[in-house]
Amino acid sequence: MYRQEEINPYHEGEKAQQVEAMFDNIAPNYDKLNHRLSWNIDRGWRRKAIRLLEPYKPQTMLDIATGTGDFAILAAQMLHPKQLVGADISEGMMAVGAKKVKKAGLEAVISFAKEDCLNLSYNEGSFDAVTAAFGIRNFANLDRGLSEMCRVLKPGGHLSIVELTTPVRFPMKQLFRIYSHTVLPVYGRLVSKDKSAYTYLTKTIEAFPQGELMMEILRQAGFRETSFRRLTFGICTLYTATK
């Protein structure tokens, strides 16, 4: 049986402050680090998540834990919504994102908002689609965060989540463990100058629920038609659901 405390035992307020400070600190180097540490495969993962929304032609979208806006920008370019809001707790990350949005000429479509993802300010049924890329594992309370994502979706609206996960099969499981405990934190520390950020990343990936367990959590949050697909030998998993 799933229990929230098994995933995140930290106090919510303390966790939120820790995450905000950490991401504000690494914001200037975040994009470079992510692309290099994933060998640029993360770009393809985002594209797959967005393509699954193409048949529904969402006009209003919310990108949760938007960070520097990579997913939001790509979604705007591929799906052409009328409005896309990128929500995040880190103003430092969104400041980087705002520059990228301006450079892409998407200011009329994409806006950023500092939001507590466990208590969103939007009315029920505000968006056609809600997305999240590599961010929900940082929620202080996963149950509440997913419930909020469901609440702000319109009935029949769609959820698309792409998240880092741990491979479950040999030899990728063993190789990924070595990589995530050696190369990832060392390189991340050298480039970002943050001693904790990429050690923290490894811990959140290992603690985050995967596969069928995540399906159960999504259903408990109010979603239906849940599904998941492992990508790149299980390093990443794509989750979809409908309200």
Side-chain angles (χ1 to χ4, degrees), residues 34-35 38-88 97 100-101 104 106 109-110 117 120 122 125-139 142 145-168 205 208-243:
N34 269 8
H35 298 323
S38 71
W39 305 290
N40 281 320
I41 300 173
D42 61 306
R43 301 178 191 271
W45 294 337
R46 290 186 180 91
R47 286 187 177 276
K48 290 181 185 295
I50 293 168
R51 285 197 188 103
L52 291 178
L53 295 174
E54 285 180 334
Y56 311 113
K57 298 178 171 57
Q59 295 302 298
T60 54
M61 298 181 63
L62 175 65
D63 186 39
I64 292 289
T66 194
T68 62
D70 269 4
F71 195 98
I73 292 169
L74 191 58
Q77 292 170 336
M78 293 177 64
L79 300 175
H80 310 292
K82 292 180 179 178
Q83 177 193 24
L84 196 159
V85 179
D88 203 286
K100 291 160 62 176
V101 166
L106 292 168
V109 177
I110 300 175
C117 294
L120 295 169
Y122 305 103
S126 295
F127 300 95
D128 297 320
V130 174
T131 61
F134 316 117
I136 64 170
R137 70 180 185 280
N138 296 313
F139 284 177
L142 181 61
L146 291 173
S147 294
E148 277 292 275
M149 292 165 78
C150 186
R151 181 184 67 80
V152 301
L153 261 179
K154 294 178 181 178
H158 298 276
L159 174 75
S160 184
I161 294 173
V162 60
E163 189 55 85
L164 296 172
T165 47
T166 53
V168 296
I205 295 171
F208 195 75
Q210 302 184 41
E212 293 295 344
L213 177 55
M214 186 62 174
M215 295 297 93
E216 178 190 347
I217 298 169
L218 286 168
R219 289 190 288 268
Q220 289 178 358
F223 291 100
R224 58 187 178 86
E225 298 177 12
T226 59
S227 66
F228 73 95
R229 176 185 173 190
R230 299 187 190 277
L231 306 175
T232 317
F233 307 105
I235 294 175
C236 176
T237 302
L238 173 56
Y239 301 96
T240 59
T242 303
K243 179 175 178 179

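These numbers come from the heavy atoms of this one structure, side chains and all, not from hydrogens, waters or symmetry mates. All residue numbers in this chain count up from 1 along the given sequence.
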Query raised in the report: Is there side-chain contact between Thr240 and His158, with at least one heavy-atom pair below 4.5 Å?
Result: no
Query - Check: Leu218 and Leu159 side chains under 4.5 Å, non-hydrogen atoms - result: yes
Requested in this report: Go through the structure and list residues passing side chain to side chain contact (heavy atoms under 4.5 Å, CB included) with Arg219, not counting sequence neighbours.
Outcome: Met215, Glu216, Thr226
Query raised in the report: Who passes side chain to side chain contact (heavy atoms under 4.5 Å, CB included) against Ser147, sequence neighbours left out?
Result: Ala221
Query - Sequence-distant partners of Tyr239, ring-ring contact (aromatic ring centres under 6.0 Å, His included), two or more places apart - result: none
Requested in this report: Just jot down the side-chain hydrogen bond (donor to acceptor under 3.5 Å, both in side chains) partners of Glu148, sequence neighbours excluded, or say none.
Outcome: Arg151
Query raised in the report: Going by heavy atoms in the side chains, are Leu52 and Arg229 under 4.5 Å from each other?
Result: no
**Report entry** Under the side-chain hydrogen bond (donor to acceptor under 3.5 Å, both in side chains) test, residues paired with Gln59 that sit two or more places apart
**Finding:** none
Query raised in the report: To the nearest 0.5 Å, what is the distance between CG (Leu146) and CE (Met214)?
Result: 5.0 Å
Query raised in the report: Residues two or more places apart in sequence or in another chain: which of them pass side chain to side chain contact (heavy atoms under 4.5 Å, CB included) with Lys154?
Result: Thr60, Asp128
Query raised in the report: How long is the gap from CZ on Arg47 to CE on Met78, to the nearest 0.5 Å?
Result: 5.5 Å
**Report entry** Side-chain heavy-atom pair Leu84, Leu106 within 4.5 angstrom cut-off
**Finding:** no
Query raised in the report: Tell me, do Ile41 and Ile235 make a side-chain contact under 4.5 Å, heavy atoms counted?
Result: no
Requested in this report: Tell me, please, which residues at least two apart from Ala65 pass side chain to side chain contact (heavy atoms under 4.5 Å, CB included).
Outcome: Asp88
Query raised in the report: Please, which pairs that meet ring-ring contact (aromatic ring centres under 6.0 Å, His included) have at least one residue in residues 58-85, sequence neighbours excluded?
Result: none
Report task. State the OG1-CZ distance between Thr242 and Phe223, to the nearest 0.5 angstrom. Result -> 9.0 Å
Requested in this report: List the atom of Ala76, the atom of Ile110, and the distance in Å for their closest heavy-atom pair.
Outcome: CB-CD1, 3.8 Å
Query raised in the report: Who pairs with Ser126 by side-chain hydrogen bond (donor to acceptor under 3.5 Å, both in side chains), at least two apart in sequence or on another chain?
Result: none
Report task. Kindly indicate whether the side chain of Phe208, heavy atoms from C-beta on, has any atom under 4.5 Å from the side chain of Leu164. Result -> no
Query - Taking every non-hydrogen atom, the tightest pair across Ile64 and Cys117 - result: CG2-SG, 3.6 Å
**Report entry** Pairs involving residues 159-168, ordered by first then second residue, that meet side-chain hydrogen bond (donor to acceptor under 3.5 Å, both in side chains) (sequence neighbours left out)
**Finding:** Arg137-Glu163, Thr165-Thr237, Thr166-Gln210
Report summary line: Smallest heavy-atom separation, Pro55 atom then Arg51 atom, equals CD-O, 3.7 Å
Report summary line: Closest non-hydrogen atoms of Ile50 and Ala75, given as atom of the first, atom of the second and distance, are CD1-N, 3.4 Å
Report summary line: Hits for ring-ring contact (aromatic ring centres under 6.0 Å, His included) against Tyr122, two or more places apart or cross-chain, chain-then-number order -> Phe127
Query - Under 3.5 Å donor-acceptor, Lys243 side chain and Cys150 backbone - result: yes
Query - Minimum side-chain heavy-atom gap Val162-Lys48 below 4.5 Å - result: no
Report summary line: Note: Gly211 and Arg230 closest approach over all heavy atoms is CA-NH2, 4.1 Å
Report task. Over all heavy atoms of both residues, which pair between Ile161 and Met149 is shortest? Give the atoms and the distance, please. Result -> CD1-CE, 4.3 Å
Requested in this report: Just do the salt bridge (charged side-chain N to carboxylate O under 4.0 Å, His left out) check on Lys100 and Asp70 with the steps written out, would you?
Outcome: CA-CA 8 Å; Lys100 291 160 62 176; Asp70 269 4; 2.5 Å; yes
Requested in this report: For Thr66, check side-chain hydrogen bond (donor to acceptor under 3.5 Å, both in side chains) against everything at least two apart and list the hits.
Outcome: Asp63
